[in-house]
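Here's the structure, in structure tokens; my notes come after.
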Amino acid sequence: MHIAFITVGDPQRLTGGYLYHREVFRRLRAQGFVIEEIVASAAELAAQLAAAELFGRSFNPLHYDLIVVDALARAVVAPWLDSWRAQRPLLAMVHELPSVANDDTAEQQREAGLLRANTLIAVSQDGATILERRGVSRERIRIVAPGFDRFISGDMKHRPRFGRKSTPERILLPAKEGRQPSPSNVFEARRVLCVAQWIARKDIVGLVEAWSARRVRT
């Protein structure tokens, strides 16, 4: 099967969506599928709108058995989705609808063609629920969770090492109002990995504040 996967931006970026796509492509190619990843434009909305006419006229859906569209590419493909769907099966890969993040009516209009796809892939139950609220029948939705590609054992020998004795470092916070440090202001050092873009709705500052407020109870 020859599959066209249409996306935007830089697929080499180490973001959750692009990494998800790479793993899906790897597994499908191992099964003999031919995946052609097509970058239609830069990811920014203005770039997508500017590229939409030329891209749509240059893309021939009849060259493929299936067309898969990344929801991020909603603007560059919007004028063409219905005509493509009339010629080939259309699948929408929806990590998150841009209109959910932006609460933008214009974005919802650009996404309308994606919601009419033959099949829509959501990456969580929450994502599937959002699609249903937008009028997509449950029968057309498939949930394919990202999962993870590393096994973390509960055995201590597989855990990260903290210092020379493999025990968490203890950090004394500055004493307030001249008081000496006490167990109530002692923290255990932790390494926390947050995989997210630095944008307001990810609330990374809130994550840092939450971890900073975590005290060791003694």
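Because only heavy atoms are used, hydrogens play no part in the values below, and waters and symmetry mates are left out as well, while side chains stay in.
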Chi angles and distances behind the side-chain contact (heavy atoms from CB on, under 4.5 Å) call for F25, F5: CA-CA 10 Å; F25 297 162; F5 181 86; 3.5 Å; yes
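- Contact between E23 and R26 at its shortest, heavy atoms only, is OE2-NH2, 2.6 Å.
- Taking N60 as the reference, H63 meet the side chain to side chain donor-acceptor pair (under 3.5 Å) condition, with sequence neighbours excluded.
- With rounding to the nearest 0.5 Å, the separation of CD1 in I204 from CD in E209 is 12.5 Å.
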Return all side-chain donor-acceptor pairs below 3.5 angstrom for residues 43-53, not counting sequence neighbours, or 'none' if the list is empty.
from, atom 1, to, atom 2, distance (Å)
Q48, OE1, A75, N, 3.1
Q48, OE1, V76, N, 3.1
Q48, NE2, A43, O, 3.0
Q48, NE2, L72, O, 2.9
E53, OE2, R57, NE, 2.4
E53, OE2, R57, NH2, 2.8

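- V100 belongs to a hydrophobic cluster with V94, L97, L115, L120, I130, L131, V136, I141, counting contacts under 4.5 Å between side-chain heavy atoms of Ile, Leu, Val, Met, Phe, Trp and Tyr, direct or through other members.
- Here the shortest heavy-atom pairing between E96 and A71 reads O-CB, 4.3 Å.
- Hydrophobic clustering (ILVMFWY, side-chain heavy atoms < 4.5 Å, transitive): L90 and M93 are in distinct clusters.
- No side-chain heavy atom of V77 sits less than 4.5 Å from a side-chain heavy atom of F59.
- Shortest non-hydrogen contact noted between E107 and P98 is OE2-CB, 3.8 Å.
- Under the side chain to side chain donor-acceptor pair (under 3.5 Å) criterion, R133 pairs with no residue at all, not counting sequence neighbours.
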Derivation of the side-chain contact (heavy atoms from CB on, under 4.5 Å) call for R116 and L81: CA-CA 9 Å; R116 292 191 289 269; L81 288 179; over 6 Å; no
Please output the side-chain donor-acceptor pairs of residues 29-39 that fall under 3.5 Å, not counting sequence neighbours, one pair per line with the distance.
from, atom 1, to, atom 2, distance (Å)
R29, NH2, I35, O, 2.9
E36, OE1, H2, NE2, 3.4
E36, OE1, Y64, OH, 3.3
E36, OE2, Y64, OH, 3.2

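- Taking CZ from R74 and CD from Q108, the interatomic distance works out to 12.5 Å, rounded to the nearest 0.5 Å.
- In the hydrophobic cluster analysis, where Ile, Leu, Val, Met, Phe, Trp and Tyr join through side-chain heavy atoms closer than 4.5 angstrom, L54 is grouped apart from I6.
- The hydrophobic cluster containing L114 also contains W80, counting ILVMFWY residues as joined when their side-chain heavy atoms lie under 4.5 angstrom apart, directly or transitively.
- None of D65, V68, I67 except one satisfies the side-chain contact (heavy atoms from CB on, under 4.5 Å) rule with I3; the exception is V68.
- Side chain to side chain, S99 and R134 meet the donor-acceptor criterion of an N or O pair below 3.5 Å.
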Using distance only, find each side-chain donor-acceptor pair of residues 9-20 under 3.5 Å and give its atom names and separation, not counting sequence neighbours.
from, atom 1, to, atom 2, distance (Å)
D10, OD1, Q12, N, 3.0
Y18, OH, V8, O, 2.6
Y20, OH, V144, O, 2.9

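- Of all the heavy atoms in R85 and N118, the pair that sits closest is CG-OD1, 3.5 Å.
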Candidate pair R88 and L66, rule side-chain contact (heavy atoms from CB on, under 4.5 Å), full reasoning: CA-CA 6 Å; R88 287 291 185 267; L66 173 67; over 6 Å; no
